[in-house]
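Numbers here are sequence positions counted from 1. If you're wondering where the values come from, they're calculated on a predicted model, not measured in any experiment.
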Amino acid sequence: MASITASSFAISSFKHNQICLKSSSLPIKGISFPSLRMKPATRRLSINCAAKPETVDKVCEIVKKQLALPGDSVVNGESKFAALGADSLDTVEIVMGLEEAFGITVEEENAQTIATVQDAADLIEDLVAKKC
């Protein structure tokens, strides 16, 4: 029975939220076998980070304002726009409010993926980071 004694990885590039591996090998008892190398299609490691609490709080405030929710309404990262009573037009208005507040532009395909406050906050931080 073979045992893996070590492994090595070389990183070729790092993009926002993604590390691409250039090569990897799995030597077995000191002998490297090319047939055990990772294939290009499987050499990706994704790292996802949640938005900062300040961003989530600001999105919550904007959502409350756009939906005219009472001050005592509970809105947090897990809050779904639909559960808060938002229809598709409300969601468009929320996105427009977020664009204005954060100085970003949200493409339509990205806007369609937003279902919760956390989704919106994560997208905002991605867009702000790409702007820099």
(Q) Would you compute the distance between atom NZ of Lys131 and atom CZ of Phe102 and round it to the nearest 0.5 angstrom? (A) 11.5 Å
Q.
Working note: Val56 + Asn76, criterion side chain to side chain contact (heavy atoms under 4.5 Å, CB included); need CA distance, chi angles, decisive distance, verdict.
A. CA-CA 7 Å; Val56 175; Asn76 56 38; over 6 Å; no
Q | Rounded distance (nearest 0.5 Å) linking atom NZ of Lys80 with atom CG of Asp119 | A | 9.0 Å
Q) Are Val128 and Leu98 connected in a single hydrophobic cluster, I mean Ile/Leu/Val/Met/Phe/Trp/Tyr linked by side-chain heavy atoms less than 4.5 Å apart? A) yes
Q | Smallest separation among heavy atoms of Asp90 and Gly85, with atom names | A | OD2-O, 3.7 Å
Q.
Quick check: closest heavy atoms across Phe81 and Thr116, and the distance to 0.1 Å?
A. CZ-O, 3.9 Å
Q: To the nearest 0.5 angstrom, please state how far the CD1 atom of Ile62 sits from the SG atom of Cys60.
A: 9.5 Å
Q) Once you round to the nearest 0.5 Å, how far does CG of Asp87 lie from CD of Glu93? A) 8.0 Å
(Q) To check you understand the geometry: which heavy-atom pair defines the closest contact between Leu127 and Val106, and what is its length? (A) CD1-CG2, 3.8 Å
(Q) Pair Ile114, Thr91 - check side chain to side chain contact (heavy atoms under 4.5 Å, CB included), show working. (A) CA-CA 9 Å; Ile114 300 172; Thr91 303; 5.6 Å; no
Q. Distance-only, no hydrogens or angles: does the Asp122 side chain make a donor-acceptor pair with backbone N or O of Ala51 under 3.5 Å?
A. yes
Q: Would you please say whether a donor-acceptor pair under 3.5 Å links the side chains of Thr113 and Asn110?
A: no
**Q.** For Gln118 against Ala50, the heavy-atom pair lying closest together
**A.** NE2-CB, 4.0 Å
Q: Decide if atom CD of Glu108 counts as having more than 12 heavy atoms of other residues, nucleotides or ligands within a radius under 6.0 Å.
A: no
Q) How long is the span from the CD atom in Glu99 to the CD1 atom in Ile124, to the nearest 0.5 Å? A) 9.5 Å
Q.
Can you give me the closest heavy-atom contact between Ala86 and Leu67, atom names plus distance?
A. CB-CD2, 3.8 Å
**Q.** Separation of Lys65 NZ from Ile94 CD1 (nearest 0.5 Å)
**A.** 12.5 Å
Q: Verify, without hydrogens or angle tests, whether Glu125 (side chain) and Lys52 (backbone) share a donor-acceptor contact under 3.5 angstrom.
A: yes
